[in-house]
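For clarity, every value in this text was computed on a predicted model and none was experimentally measured. Values below: all heavy atoms of this structure, side chains included; hydrogens, waters and symmetry mates excluded.
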Amino acid sequence: MRHLTYLTSAALLLTLSACADGGLKSDEEAIHFPTSASWDAEQHAWRLPLHAWVFEAESDSLWRNGMMDTLKAGLGLEPDSDGSHYLKERGWRFLVDNERGKRLTLRIGGHEVEMPETGTDGHSRGEALLPLDGKSDGNLWIEFETVMAEGDERRFGGQVQLIGEHGVSVVSDIDDTIKHTHVLDRKAMMENTLLREFRAVPRMAALYRGWAEQGVVFHYVTGSPWQLYPPLRDFMQRDGFPRGGFIMRHFRLKDESLVSFLSPSYDYKVKEIDALMRRYPQRRFILVGDSGEYDPEVYGEIARRFPGRVIAIYIRNVTEESLDSGAYDEAMAGTDGVEWRVFTSAETLSTTPGLNLP
């Protein structure tokens, strides 16, 4: 495949600490989250962010099985119901043992990269430089996998996208933007998140695919926790959404992240999108969200911080907020030159005049 050939011909420079041991044991698992790489002109290399989570599922744990049974009973779920199935499928990652002090080795092409050791939450974040003989325009996906112990046939793979310096990026929310969640109704949100099949907002996948065919790349920035990445990934693959990097919120039952997770997502999203804009200083951005929480205010703030970089802001109306109320005008104040629109159907965006995607 093209992206693997790319790596085979390059020398990989590590910016990570070396490790002596700490690989996966037979009862431990790893998830590698998709990330977005940027071109470093000074190093003349691609800067690859790496993000992994290591945990032990302990599927035979009496405590965890008891917790799951208690949840099902409390929710009035029959053992063989769809709700019980979805709760087990999506809920067990919230009850795993996070593995601290693990050092994963990744194989990228013909080279090996060693990750920093995992923290108390089981997560490890690192970075590697990939120098190239000639600069690429990017927008290629690189696949990699964890180096396993001899005799362990399991495979834990991941992906990182090389994103060029120029072009258009879409920052997209997930809940109530491309997936029905009903965030403002806590009961409905819980049911749609843990007990029901994920349902896509009509025609959003087709809209995004059309943009992707024009060279647009995607960054999914959501308030959902990392534990929900696997079912969200499967949902988006099933419904045909373009691949993209994921940015999600940290959540752990045993530390202060529980408090911060329950707080509004405004500060979290502003921080993450601000960092994304700075990582790609020459790219233009389209911001797509919904009116359920703070996306209009978040996107308005980002557009004011980066004048000329945001070309459009699209907000799916899920609150029936009237355009005459002044709330949207207040959120978008000071964003002169940015096309912003509140929509209820993706069809109204597919033929948006003036978008001029490259």
Chemist: Do F33 and M248 touch side chain to side chain, with heavy atoms closer than 4.5 Å?
Modeler: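 No, every pair of side-chain atoms sits at 4.5 Å or beyond.
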
Chemist: Measuring only between side-chain heavy atoms, which start at C-beta, is S172 closer than 4.5 Å to I178?
Modeler: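 Yes, at least one pair of side-chain atoms sits under 4.5 Å.
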
Chemist: Tell me the closest heavy-atom pair linking R249 and G223, and the distance in Å.
Modeler: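 Smallest heavy-atom distance, with atoms named: CD-O, 3.3 Å.
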
Chemist: Are T335 and V310 close enough that some pair of their side-chain heavy atoms sits under 4.5 Å apart?
Modeler: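 T335 does not reach V310 side chain to side chain.
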
Chemist: Which pairs pass side-chain hydrogen bond (donor to acceptor under 3.5 Å, both in side chains) with one or both residues in residues 73-84, sequence neighbours excluded?
Modeler: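 Those involving residues 73-84 are S81-S84.
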
Chemist: Hey, does R196 have a side-chain heavy atom less than 4.5 Å from the side chain of H180?
Modeler: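 No, their side chains stay 4.5 Å or more apart.
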
Chemist: Other than V147, what residues sit in its cluster of Ile, Leu, Val, Met, Phe, Trp and Tyr side chains whose heavy atoms are under 4.5 Å apart, directly or through others?
Modeler: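 Taking Ile, Leu, Val, Met, Phe, Trp and Tyr as members, V147 stands alone, with no cluster partners.
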
Chemist: Counting only N and O atoms by type, is there a donor-acceptor contact under 3.5 Å from the side chain of S291 to the main-chain atoms of V318?
Modeler: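 A pair under 3.5 Å: yes.
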
Chemist: Sort out for me which residue in F144, F156, W53 forms a ring pair (Phe, Tyr, Trp, His ring centres under 6.0 Å) with H32.
Modeler: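 In the set F144, F156, W53, the residue that makes a ring pair (Phe, Tyr, Trp, His ring centres under 6.0 Å) with H32 is F144.
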
Chemist: Using every non-hydrogen atom in the two residues, find where G126 and M115 come nearest and quote the distance to one decimal.
Modeler: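 G126 and M115 have their closest heavy atoms at N-CE, 4.3 Å.
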
Chemist: Can you name the closest pair of heavy atoms from D295 and G289 and give their distance?
Modeler: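 Shortest heavy-atom separation between D295 and G289 comes out as OD2-CA, 3.3 Å.
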
Chemist: With a 3.5 Å distance limit and no angle check, can you tell me whether R283 reaches the backbone of V168 through a side-chain donor-acceptor pair?
Modeler: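 Checking the backbone N and O of V168 against the side chain of R283, a donor-acceptor pair under 3.5 Å is found.
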
Chemist: Could you walk me through whether Y208 and W211 pass the ring-ring contact (aromatic ring centres under 6.0 Å, His included) test, one step at a time?
Modeler: CA-CA 5 Å; Y208 281 14; W211 289 353; 5.8 Å; yes

Chemist: Parallel, tilted or perpendicular, judged at 30° and 60°: which one describes the rings of Y220 and F246?
Modeler: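 Ring orientation of Y220 relative to F246: tilted.
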
Chemist: Got E114 and R103 here, is their nearest side-chain heavy-atom distance under 4.5 Å?
Modeler: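 No; the side chains remain at least 4.5 Å from each other.
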
Chemist: Checking side-chain polar atoms at under 3.5 Å, does S38 have a donor or acceptor matched by the opposite partner on R279?
Modeler: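 Side chains of S38 and R279: no pair found under 3.5 Å.
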
Chemist: Using side chain to side chain contact (heavy atoms under 4.5 Å, CB included), reason through D175 and E293 one step at a time and then give a plain yes or no.
Modeler: CA-CA 10 Å; D175 292 305; E293 290 191 297; over 6 Å; no

Chemist: Between R209 and G240, is there a donor-acceptor pair closer than 3.5 Å when you use the side chain of the first and the backbone of the second?
Modeler: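 The answer is yes, because a donor-acceptor pair under 3.5 Å joins these two groups.
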
Chemist: Counting C-beta onward and ignoring hydrogens, is there a side-chain heavy-atom pair between P34 and Y229 closer than 4.5 Å?
Modeler: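 They are in contact (side-chain heavy atoms under 4.5 Å apart), so the answer is yes.
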
Chemist: Taking the six-membered ring for Trp, are F94 and F251 ring centroids under 6.0 Å apart?
Modeler: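 That pair passes the under 6.0 Å test.
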
Chemist: Below 30° counts as parallel, above 60° as perpendicular, anything between as tilted: where do the rings of H250 and H123 land?
Modeler: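 The arrangement is perpendicular - the two ring planes meet at more than 60°.
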
Chemist: Hey, mind stepping through E191 and K187 against salt bridge (charged side-chain N to carboxylate O under 4.0 Å, His left out) and telling me if it holds?
Modeler: CA-CA 6 Å; E191 293 174 346; K187 182 176 183 293; 2.6 Å; yes

Chemist: Examine R90 relative to F198 and say whether NZ or CZ is less than 6.0 Å from the centre of the six-membered ring and inside a 45° cone about the ring axis.
Modeler: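 Output yes; distance and angle both within limits.
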
Chemist: Of the non-hydrogen atoms in A303 and I313, which two are nearest, and what is the gap between them?
Modeler: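 Taking every non-hydrogen atom into account, CB-CD1, 4.2 Å.
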
Chemist: Do you know which of R305, K269, R309 makes salt bridge (Lys or Arg N to Asp or Glu O under 4.0 Å) with D274?
Modeler: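 Going through the options one by one, the only one that passes is R305.
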
Chemist: Do any N or O atoms from the side chain of T35 and from the backbone of P49 form a donor-acceptor pair under 3.5 angstrom?
Modeler: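 It does hold such a pair.
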
Chemist: Quick one: does any side-chain atom of D234 pair with a main-chain N or O of M236 as donor and acceptor, under 3.5 Å?
Modeler: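 Between the backbone of M236 and the side chain of D234 there is no qualifying donor-acceptor contact (under 3.5 Å).
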
Chemist: With salt bridge (charged side-chain N to carboxylate O under 4.0 Å, His left out) as the criterion, how do D239 and K179 come out once you've worked through the C-alpha distance, each side chain's angles and the decisive distance to 0.1 Å?
Modeler: CA-CA 10 Å; D239 284 61; K179 180 180 78 67; over 6 Å; no

Chemist: Under a 4.0 Å threshold between the charged nitrogen and the carboxylate oxygen, would R304 count as salt-bridged to E301?
Modeler: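 Salt bridge present between E301 and R304.
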
Chemist: Between W39 and W46, how do the two ring planes meet: parallel, tilted or perpendicular, split at 30° and 60°?
Modeler: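 The rings of W39 and W46 stand perpendicular, inter-plane angle above 60°.
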
Chemist: Taking side chain as C-beta onward, heavy atoms only, is D173 less than 4.5 Å from Y299?
Modeler: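 D173 vs Y299: side chains touch.
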
Chemist: Judged by atom type as modelled, is there a donor-acceptor pair below 3.5 Å linking the side chain of T118 to the main-chain atoms of G101?
Modeler: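 Checking the backbone N and O of G101 against the side chain of T118, a donor-acceptor pair under 3.5 Å is found.
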
Chemist: Ignoring hydrogens and geometry, is there a side-chain-to-backbone donor-acceptor pair from R316 to D176 under 3.5 Å?
Modeler: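 Pair found, side chain donor or acceptor close to backbone of D176.
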
Chemist: Between D290 and T177, do the side chains contain an N or O donor and an N or O acceptor separated by less than 3.5 Å?
Modeler: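 Side-chain D/A pair, D290 to T177: present.
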
Chemist: In the hydrophobic clustering that connects Ile, Leu, Val, Met, Phe, Trp and Tyr at side-chain heavy-atom distances below 4.5 Å, which members other than L184 occupy its cluster, ordered by chain and number?
Modeler: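 Members alongside L184: none; it stands by itself.
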
